[in-house]
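Below is one structure; the comments refer to it alone.
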Amino acid sequence: MIIAENYESGYQIIYPQNPTPSLEFAVRELKKYLFRITGAYLPEFQDNRHVEAREIVIGYTNRGGYTDDDIAALGEEGFIISCDGERIIIAGSGVRGALYGVYTFLEEYCGCRFYTNDFEKVPETKKLDITPFETNRQIPAFFYRNAYWYSVTDPYISAKLKINGCHGRKRFPAEIGGDVNYQGGFEHTIGWLSGQCPYGERAWVQPCLSDEKVYETVIGNVRKTLAAHPEARLISITQNDGDTGACKCDKCRAVNEAEGSDMGTMLKFVNRIAEELEGEYPNVLFDTFAYRFTRKPPKTIRPRKNVVIRLCSIECCFRHPIDECSETPGHSDVTRSFAEDLIDWSKVAPNLTVWNYTTDFTNFPVLFFDLPTLRRNVRYFVENKATGLFEQGNYASPNGEFGELKGYILSRLLWDPYMSSEKYKELIIEFIRDFYGAGYQHIIDYLSMVNDASFDSHFGIYFDNAADYVWCRDAKSKFEGQMLFLKRGSEMFDAAEKEADSPTALANVRRSRIQLIDYKDFMLRYEREQCGDEAEKAAFTEKIVENNKLRFEYMRRYGVTHNHEFHDIKSLSDPDYTQHCLLWKRPEEQ
């Protein structure tokens, strides 16, 4: 099927009468990208126009390509791409399905790649010839999908990557189908719902969930929130942050001891709200955490059909797949594995979602090598009946590690959690090739080295120094292995920089190099500590300053504005280069 040749096309775009904003946008996007690919302009018509053989049909039209059963099965987001002679049909809803189908058509049949907020690959050709293909039917496994990385937070890249959760993003406009949003706050909401603190702030002690006044205050605020947002589908009634445990009054303690979990009072409380409001808001799901002290399911209390359990993996080791590793770095008080809790919740929760973690929140640019686990974990979640997934990463700014790769690959996994290992590797290599340019093989070699240098380490989401976990195992000692890793890594990044074939590729290589600059900082400080001579110590201090000046230059030049969670250093102009960047203070903090 020759879509276009020599800047001309015999095809036209057909879409339904009375289209939704999302369908109209899908038509514009298809026209725009086909023009960028071929230089050909395709006219558009609604489906009351006479039938032509060569059409690209978008949505549910009178051209067929779908059944009533298909419409029901596809829901708001699924789609079918098929051929009917020379006609191409992209059937899907006017919410997000047809738009998602258009982006998939551009990816799978036209060669486009949508990577980050500001980086995509659009091929150019004088002849776009698509071989007839088998019907391509896709339906998401997760009703809620959010790869919470800065590099994919723009609403429009989110639509291209089929992210529908808007937490941490601007609300999605109607032209990309809107979003799946939590009303009244995303997390740790019980504080403001119960009147402990103002909306938008956090309390750190749990309210008494046996207190009838607390219940009336919370349900009143929930009802008020839902009344103000009749479009709401999800509302969060989630415990305050921290690990202080549930209320210890006699009533609360009796329930939780009988249930063998502090989740007893929380789930009982949320179930009651969900039952009382079900008649008023039949389409709303009432969401609550299984987090820290509430992670274990209670013995007898079960979530109602309109309650969502959001299970959080904060204590896990993130270097190894969750179903294979029960280590809990930095959390010595954990007595059950996350996999046990996931399996137990999957048996009793009609709606189960997962909050997973994919970065180091103590030191954002640090080397946090979890690529071997991402595919395995996402698949494990869906195999254990998870229907929503929030993958939290560095949401605050561009990352000094591989944040752009993670944001992209996680988005792809959220749509296709059963992705094969071969496809996963192919997508990673393809991204690295396009993003880092001609020297991309050195980045691949670096990742291979990191894999071998960390295979038996366990790390969580709070640590400063990657050298504690990553070093070349072929060395005689850990220190020698650390120095060898730094030497080899520096050579690889030097080569990648030298071979970068565009300013964009060079910027991407240098931004990712910040992780190695951070590694070097810790090694220089360790070497300085071993010195007995003050002159030698001073020489190492000079090296630390020089290294940190390069770090700060790269952070400024390449948009890395946060060194750790909740710490924006945009206003910093002259840091103390003798200190590690985690100790750099903004002028207002001096």
Side-chain angles (χ1 to χ4, degrees), residues 187-191 193-194 203-212 214-215 218 236-276 285-317 322-357 377 380-381 383-388 460:
E187 83 279 32
H188 307 306
T189 60
I190 198 72
L193 287 171
S194 65
W204 294 88
V205 177
Q206 310 307 320
C208 176
L209 300 181
S210 300
D211 186 335
E212 193 63 20
V214 171
Y215 178 79
V218 171
S236 166
I237 309 171
T238 45
Q239 71 203 53
N240 292 325
D241 206 355
D243 203 15
T244 56
C247 171
K248 301 299 191 294
C249 77
D250 290 345
K251 288 183 178 179
C252 288
R253 189 170 63 249
V255 172
N256 291 332
E257 287 179 355
E259 293 294 334
S261 169
D262 279 2
M263 185 59 154
T265 47
M266 191 71 200
L267 186 53
K268 181 181 178 182
F269 185 89
V270 174
N271 273 346
R272 183 182 172 191
I273 291 174
E275 182 176 14
E276 186 168 337
L285 294 173
F286 298 84
D287 167 280
T288 195
F289 281 163
Y291 172 66
R292 294 189 182 271
F293 55 87
T294 60
R295 210 181 75 180
K296 180 183 176 183
K299 292 178 181 178
T300 66
I301 301 173
R302 298 292 178 255
R304 297 189 82 255
K305 64 181 180 180
N306 59 339
V307 168
V308 176
I309 299 299
R310 196 172 2 155
L311 180 60
C312 306
S313 63
I314 194 168
E315 299 92 350
C316 291
C317 166
I322 281 173
D323 61 324
E324 292 184 358
C325 182
S326 59
E327 295 290 328
T328 58
H331 297 273
S332 59
D333 56 336
V334 178
T335 58
R336 284 166 53 93
S337 75
F338 180 84
E340 287 180 275
D341 288 335
L342 174 64
I343 291 169
D344 286 350
W345 277 115
S346 74
K347 295 174 182 176
V348 300
N351 307 290
L352 176 62
T353 67
V354 173
W355 180 324
N356 194 42
Y357 304 83
N377 285 346
Y380 188 63
F381 297 148
E383 286 176 343
N384 283 282
K385 301 181 181 179
T387 58

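Values below: all heavy atoms of this structure, side chains included; hydrogens, waters and symmetry mates excluded. Given the structure is predicted, the values throughout are model-derived calculations rather than measurements.
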Item to check | Step-by-step side-chain contact (heavy atoms from CB on, under 4.5 Å) determination, Leu311 to Phe381 | outcome: CA-CA 10 Å; Leu311 180 60; Phe381 297 148; over 6 Å; no
How many angstroms lie between [atom1] in [X] and [atom2] in [Y], if you round to the nearest 0.5 Å?
{"X": "Asn306", "Y": "Asn271", "atom1": "CG", "atom2": "CG", "result": "8.0 Å"}
{"X": "Phe293", "Y": "Asp333", "atom1": "CZ", "atom2": "CG", "result": "12.0 Å"}
{"X": "Glu187", "Y": "Cys312", "atom1": "CD", "atom2": "SG", "result": "10.0 Å"}
{"X": "Asp241", "Y": "Ile314", "atom1": "CG", "atom2": "CD1", "result": "7.0 Å"}
{"X": "Ser313", "Y": "Asn377", "atom1": "OG", "atom2": "CG", "result": "8.0 Å"}
{"X": "Glu257", "Y": "Lys299", "atom1": "CD", "atom2": "NZ", "result": "10.0 Å"}

Is there a donor-acceptor pair under 3.5 Å between the side chain of [X] and the backbone N or O of [Y]?
{"X": "Asn240", "Y": "Gly191", "result": "yes"}
{"X": "Asn384", "Y": "Ile343", "result": "no"}
{"X": "Glu259", "Y": "Thr300", "result": "yes"}
{"X": "Lys248", "Y": "Ala246", "result": "yes"}
{"X": "Thr238", "Y": "Thr189", "result": "yes"}
{"X": "Thr288", "Y": "Ile237", "result": "yes"}

Next on the checklist: Please evaluate residues Ser236 and Arg310 with respect to the criterion side-chain contact (heavy atoms from CB on, under 4.5 Å), reporting the C-alpha separation (whole Å), side-chain torsions for both, the decisive distance (0.1 Å), and the verdict.
Outcome noted: CA-CA 10 Å; Ser236 166; Arg310 196 172 2 155; 3.5 Å; yes
May I ask you to test the [X]-[Y] pair for a side-chain heavy-atom distance under 4.5 Å?
{"X": "Leu342", "Y": "Ile322", "value": "no"}
{"X": "Pro207", "Y": "Leu209", "value": "yes"}
{"X": "Ser261", "Y": "Pro297", "value": "no"}
{"X": "Ile309", "Y": "Thr353", "value": "no"}
{"X": "Ile190", "Y": "Val214", "value": "no"}

Checklist entry - Looking at Glu212 and Arg272, does any basic side-chain N land under 4.0 Å from a carboxylate oxygen? => result yes
Next on the checklist: Walk me through whether Ile273 and Tyr215 qualify under side-chain contact (heavy atoms from CB on, under 4.5 Å).
Outcome noted: CA-CA 8 Å; Ile273 291 174; Tyr215 178 79; 3.4 Å; yes
Next on the checklist: Pair Asp243, His331 - check side-chain contact (heavy atoms from CB on, under 4.5 Å), show working.
Outcome noted: CA-CA 11 Å; Asp243 203 15; His331 297 273; 5.9 Å; no
Checklist entry - What residue pairs, at least two apart or across chains, pass side chain to side chain donor-acceptor pair (under 3.5 Å) with a residue in residues 337-351? => result Arg295-Asp341, Arg336-Asp341, Arg336-Asp344, Ser337-Glu340
Item to check | Pairing residues for Tyr291 by the ring pair (Phe, Tyr, Trp, His ring centres under 6.0 Å) criterion, not counting sequence neighbours | outcome: His188, Phe289
Checklist outcome for this item: Of all heavy-atom pairs linking Val255 and Gly264, the shortest is CG1-C, 3.9 Å
Checklist entry - Would you find more than 12 non-hydrogen atoms of other residues, nucleotides or ligands less than 6.0 Å from Lys251 atom NZ? => result no
